[in-house]
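Remarks on the structure that follows.
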Amino acid sequence: MVATTTTTGEGWSSRTAFILAAVGAAVGLGNIWRFPTLAGESGGGAFVIVYIACVFLLGLPLVLAEIFIGKVGQSDAVGSIRRVAAKSNASSSWSLFGLVGVMAAFPILSFYSVVAGWVLYYSGVLGADFFQAIMSGDPFRGALAGESREAIQGRMGNLFADPGLLLTMHFLFMGATLFIVARGVHAGIEKAATYLMPAFFVLLIGLVIYGMIEGDVAQAMAFLFTPDFSKLTPQVINTALGQALFSLSLGVAGLITYGSYIKESSGLGATSAMIAIADTGVALLAGLMIFPIVFAVGLDPAAGPTLVFQTLPFAFQTMPGGALIGFLFFVLILVAAVTSSISLLEVPTAWGIGERGWSRPKSALIFGGAAFLVGILCLLGYNVWSDVRPLGFWPLFADTDILDTIDGFTGKVMLPLVAMLTSIFVGWKADRTLLATETGLSPAVLKIWRFLIAWVCPLAVGAILVTGLFPSLLD
Ligand code: PHE
C-alpha cells in the first residue's frame, strides 16, 4: 500500500513551513529557561560540551529517525509506526512505543503550560512597566524602577502563592495553544510558526547584541565555553542527555507527527541537521544573551530555576533600557513556548483523529482540556498542595513536588524509553531499502546514520535510562 494522504488529510505547504514548525517545536522553554539554568548549575563549559556531543551523536540521528517514520507512515504516531512496521514485515506491536510517546506528550504539555504561564505573567508585569516608562516620558529607564531587590525577587514567591493568578495564566496559555491546534496544520500550526519564528530570531539576535554591548561577554564566554572536566560527573552526563532529548522534542513522537505532514521526501537528512543546529544554536545564544547580563550585574549564574524569573528582572532594573529589554525578553520566551506547546498538543490530537476518528476540534479540546486539568494539579503543588510528593515512595522523587515529579518522570523515564525504542525500531526493524530511499541520504552518510541509530543510540540512551532510574549504580 502506498500512502499518499495522511489520515487527517493535512500537510505542510512547503519544506520551509515544515522546518519553521519543527524548529519552533524544538526551540522552547528548554532552550531559554532550562539550558542556561542547567549550564549554570552544572558548571558551564563541561556541561555544554557533553550537551553538544549528545545532540549530534544521539539527538540528530533520532531526529531523522522520527521524521523518517512520520514521512513514511503519513499518519498519527501510532498509525505511522504501524505502517512502517507493515512495510518492513515487522510486528505491529512496535506501534506501542508510539503510544507511550503520545502518553508522554500529554503530561509534558500540562506542566509546560504552567511554566509558560509564569512567563506570561512576567511579560504582563514588564509590559505594564514599560508602558508606564513611556507614559512617564522616560522609555529607556530600567525595569521596575523604584522597586527594591527584595520586592522584585519576591514577585515570584507571590505568584506561586496565588493559585488564582497561576490558574489564570495557565488557562490563557493553554487556551491559545488549543486555539491554534484546533485550526489545523495549515491554518493553525504552520501559520503560527511562519509569523512567530522569524519574530523570535529577530528578538533573539537583538537581545544578544544588547548583551554584548551592555553586558560582560568575556566572563560569559569563559563560563560557557571553558571546560572544567573535573565537573564531568555521571550525573552531569545524564542531565545533558535528558536535556538534549527534551530540547529536540524527542521521545514524545512529536517529530513523527510533524513528519507525517511532509509530502515530498527530499533532503530529510539536511532538514534534520538544520533542526538540530538551530535548536543548539538557540540554546547557546540564549546563554550568550543571559549570562553577560547576569555577570555585568555581579549576580550568581548558578541561581537555578529562578535564574530567569528572579535574577534577570533585577538585572534589568540596573541596565540601560532595562524596561524595554526586560519586556522583550519575556515576550521572546513566550513566543518560543507557544510554538512548542502547539507541537505537544498536536501529538495526542493527531492520535485522536487518526486512531479514534474524532474531529480535530474535538480531539484538541479533549486533550487540551485534560492537560489543563492536570496542569491545575501542578500549580496547586506550589501552594495548597506544597507537601504532596506524588512519587514520594521512590527515592529518586522522594522530595519532588507535583510539577517536578511529572517533569522528572517524563524526562528521565518516558523520553529515554521512547527514544531507545525508536532507535531499535529504525536501526534493526525498519526495511533497509526504505531507509535509503525515503531519507535520500548519500551512501556514506546513510552508513554513519545506520551505525549511530542501531548501535550508539540504543546503548547510550539505554545506559542513561538505567542510570537515571537507579542513580545509586553510579556511586
Ligand atoms: N523542545 C521543547 C523545548 O525545548 C519542549 C518539547 C518537548 C516540545 C517535547 C515538544 C515536544 O522547550
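Indexing begins at 1, ligand by ligand and atom by atom, following the structure's order. What you are looking at is a predicted structure, and each value in this text was computed from that prediction instead of being measured.
At a heavy-atom distance under 4.0 Å, only side-chain atoms of Tyr112, from C-beta outward, approach ligand 1. Under 4.0 Å from ligand 1, not a single heavy atom of Ala336 appears.
Atoms of ligand 1 lying under 4.0 Å from at least one heavy atom of Ala26, given by number and element, are 1 (N), 2 (C), 3 (C), 4 (O). The ligand atoms of ligand 1 that sit less than 4.0 angstrom from a heavy atom of Leu29 are 12 (O). Short contacts between ligand 1 and Val252, defined as distances under 4.0 Å to a heavy atom of the residue, involve ligand atoms 9 (C), 11 (C). Heavy-atom proximity to Leu344, at under 4.0 Å, picks out these atoms of ligand 1: 8 (C), 9 (C), 10 (C), 11 (C).
Note: Tyr122 and Phe330 have parallel aromatic rings, judged against thresholds of 30 and 60 degrees for the angle between ring planes. Phe160 and Tyr382 have tilted rings, their planes meeting at an angle from 30° to 60° on a 0 to 90° scale.
Distances from ligand 1 to the non-hydrogen atoms of Ala25 include at least one value under 4.0 Å. The shell of residues lying under 4.0 angstrom from ligand 1, judged by heavy atoms, excludes Trp33.
Under the 6.0 Å distance and 45° angle rule, Arg34 counts as a cation-pi partner of Phe246.
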N/O donor-acceptor pairs under 3.5 Å from side chains in residues 417-425, not counting sequence neighbours:
{"unit_1": "Thr422", "atom_1": "OG1", "unit_2": "Val418", "atom_2": "O", "d": "2.6"}
{"unit_1": "Ser423", "atom_1": "OG", "unit_2": "Ala419", "atom_2": "O", "d": "3.4"}
{"unit_1": "Ser423", "atom_1": "OG", "unit_2": "Met420", "atom_2": "O", "d": "2.8"}

Verdict with reasoning, Asn383 to Asp162, per side-chain hydrogen bond (donor to acceptor under 3.5 Å, both in side chains) = CA-CA 7 Å; Asn383 31 71; Asp162 187 343; over 6 Å; no
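From the protein, the heavy atom lying nearest to atom 6 (C) of ligand 1 is Ser249 OG, 3.6 Å.
Ion pairing of Arg82 with Glu355 is present here, as a side-chain N (NZ or NE/NH1/NH2) and a carboxylate O approach within less than 4.0 Å.
For ligand 1, the polar-atom distance check finds an N/O of Phe246 within less than 3.5 Å of one of the ligand's N/O atoms.
By the side-chain contact (heavy atoms from CB on, under 4.5 Å) test, Thr349 is found to be paired with Val181, Leu345, Glu346, Ile353, Arg360, Ser363, Ala364, residues two or more places apart in sequence or in another chain being considered.
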